[in-house]
Amino acid sequence: MSIIKTAVVSMIIVCSVTLWGCSTDTAEPEQVPFVMVTQPNSTHNEQKSYAGDVQARQQTALAFRVGGQVIERYVDVGDQVKVGQVLAKLDVKDAQLQLNAANAQLESAQSAAKNAEDELKRFKQLLPMNAVSRSQYDAVDNQYKAALSNLKQAQSNYDVSRNQTGYNQLLANKNGVITARNIEVGQVVAAGQAAYQMAIAGDREVVIGVPEQAISEIKVGQSAWVTLWSKPEDKFAAYVREISPAADQSRTFSVKVALSEGNAAIQLGQSARVFFNKTEHNVLSVPLSSVSANGQQAYVWVVKPDQTIRKVSVTLGAYGRDSVPVLSGLTAHDYVVIGGVHLLREKQKIQPIDRDNRAVNIQAGTAS
């Protein structure tokens with residue numbers, strides 16, 4: 001029986017020692033060897049980017065000026081074309097018949113005008129001899145004037161028919177590249193119906209969609225820079241050329257960003273991303289790695305002069321790419337912990353260092 005009592009007493013003593021050791025550890029938090037700290041930046045640099053695609057600054061629809069049936073098609077999507085190049089042709093049979101009829105009318109009007117002119121000359125010779133009356137001469141003169149008018153009309157009709165025959169060829173009006181084709185051989189098209197879409201050679205721009213809550217931050221002429229998905233390491237200077245005054249169905253505003261350089265190296269249709277930089281002065285900001293949250297409340301760890309840390313609730317602005325503005329809760333003299341904030345505890349003692357691994361001496365009055 002004494003052996004059992006001795007064992008129980010021994011277990012009680014061991015448990016007591018263990019609990020005492022645990023309570024001692026809790027009372028004195030261990031010191032974290034090295035923790036990187038920094039002071040809030042008084043200048044907040046915010047970078048926003050939007051995806052878009054490369055387009056030609058000028059684009060045009062090419063169409064026949066007359067209707068008819070397509071008999072030849074010479075270019076397709078992606079083909080480079082030059083000004084004056086024939087792109088397609090229409091059947092000219094009906095147009096040729098109209099031209100022949102107009103030519104016959106012109107020849108008839110020319111003959112009538114020549115006869116009227118000869119008749120007028122004879123009457124001019126007879127009038128001084130009183131061989132014809134004045135009224136007869138005036139009638140012949142009016143017939144000559146009417147013949148001249150008919151000749152001008154016939155000439156105009158012939159010119160129109162000749163032009164209509166020429167309009168059966170669709171010509172490129174600028175140098176560029178075909179981006180869309182809407183016709184096939186054998187198809188009957190109407191006058192003005194778009195046959196091709198052409199991107200005119202020259203300047204390039206990136207078209208992006210900006211949400212309505214951010215459109216007020218973008219202005220015409222604002223500088224930007226562009227990267228391509230295929231070559232993300234290359235950057236091209238650009239500027240905002242045009243902002244749509246109204247949102248589209250997706251509730252975004254179309255913004256055209258013109259490229260200041262690199263037009264020859266950038267191909268139409270390439271995917272691109274446009275970057276805008278925004279700098280705000282007299283606004284405190286901290287790195288994203290220094291911010292944590294408890295529920296909906298954001299907080300940072302502030303270092304006190306005795307090298308202990310305390311949790312400080314903060315009000316944040318819009319998150320940037322690398323930092324976030326602090327609207328309230330910090331001063332410019334505070335030191336905040338960078339990184340690993342979820343592993344720290346209240347009143348824990350640390351050894352603060354800066355980004356260059358140098359010890360930071362926090363003086364009284366520099367931390368709130």
Side-chain angles (χ1 to χ4, degrees), residues 50-92 94-95 163-210 224 226-232 234 236 238-274:
Y50 303 93
D53 60 291
V54 179
Q55 298 182 9
R57 179 177 296 188
Q58 293 182 323
Q59 302 186 60
T60 183
L62 302 176
F64 289 101
R65 300 175 66 173
V66 295
Q69 186 179 37
V70 180
I71 59 172
E72 296 287 346
R73 177 175 58 79
Y74 300 107
V75 296
D76 210 332
V77 176
D79 290 344
Q80 298 282 342
V81 298
K82 295 183 178 181
V83 59
Q85 180 178 341
V86 180
L87 308 181
K89 286 184 179 180
L90 297 179
D91 187 0
V92 297
D94 292 340
N163 290 340
Q164 295 287 332
T165 304
Y167 292 154
N168 285 275
Q169 291 189 115
L170 180 60
L171 306 178
N173 56 1
K174 296 283 186 179
N175 296 335
V177 59
I178 301 299
T179 59
R181 174 179 55 82
N182 304 316
I183 60 172
E184 293 289 352
V185 174
Q187 179 180 350
V188 177
V189 297
Q193 178 181 339
Y196 292 99
Q197 292 286 339
M198 184 178 73
I200 299 176
D203 295 336
R204 301 282 188 262
E205 62 187 15
V206 180
V207 180
I208 59 176
V210 179
V226 174
T227 62
L228 302 176
W229 287 104
S230 58
K231 297 180 179 179
D234 295 339
F236 303 91
Y239 63 93
V240 178
R241 186 181 70 85
E242 180 182 301
I243 301 176
S244 174
D248 57 20
Q249 294 180 350
S250 63
R251 307 311 304 163
T252 60
F253 291 78
S254 177
V255 176
K256 296 181 179 180
V257 181
L259 293 163
S260 304
E261 58 182 3
N263 289 287
I266 300 177
Q267 302 299 320
L268 296 175
Q270 284 187 291
S271 297
R273 182 166 288 274
V274 179

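Hydrogens, waters and symmetry mates are skipped; everything else that's a heavy atom, side chains included, is used. None of the values given here were measured: they were computed from a predicted structure. Positions are given from 1, in the same order as the sequence printed here.
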How about R181 and R73: do any of their side-chain heavy atoms sit closer than 4.5 Å?
-> yes
What are the two closest non-hydrogen atoms of A238 and V257, and how far apart are they?
-> CB-CG1, 3.6 Å
Taking the side chain as every heavy atom from C-beta outward, state whether F64 and Q193 have any atom pair closer than 4.5 Å.
-> no
Which atom names give the shortest non-hydrogen contact between S254 and V207, and what distance separates them?
-> OG-CG1, 3.6 Å
Let me see the working for E72 and K89 under salt bridge (charged side-chain N to carboxylate O under 4.0 Å, His left out), right down to the final yes or no.
-> CA-CA 5 Å; E72 296 287 346; K89 286 184 179 180; over 6 Å; no
So do N173 and M198 actually touch side chain to side chain, heavy atoms under 4.5 Å?
-> yes
What pair of heavy atoms forms the shortest contact from G209 to Y50, and how long is it?
-> O-CD2, 3.9 Å
Are V54 and Q267 side-chain neighbours, meaning at least one heavy-atom pair lies under 4.5 Å?
-> no
Search all heavy atoms of I71 against all heavy atoms of L90 and return the closest pair with its distance.
-> CD1-O, 3.6 Å
Of all heavy-atom pairs between N175 and K82, which one has the smallest distance, and what is that distance?
-> OD1-CA, 3.1 Å
Taking every heavy atom of F253 against every heavy atom of P245, the minimum-distance pair comes out as CE2-O, 4.0 Å
L268 side chain near R204 side chain, heavy-atom distance below 4.5 Å = yes
Given L228, which of I266, D234, V206 fulfils the side chain to side chain contact (heavy atoms under 4.5 Å, CB included) condition?
-> I266
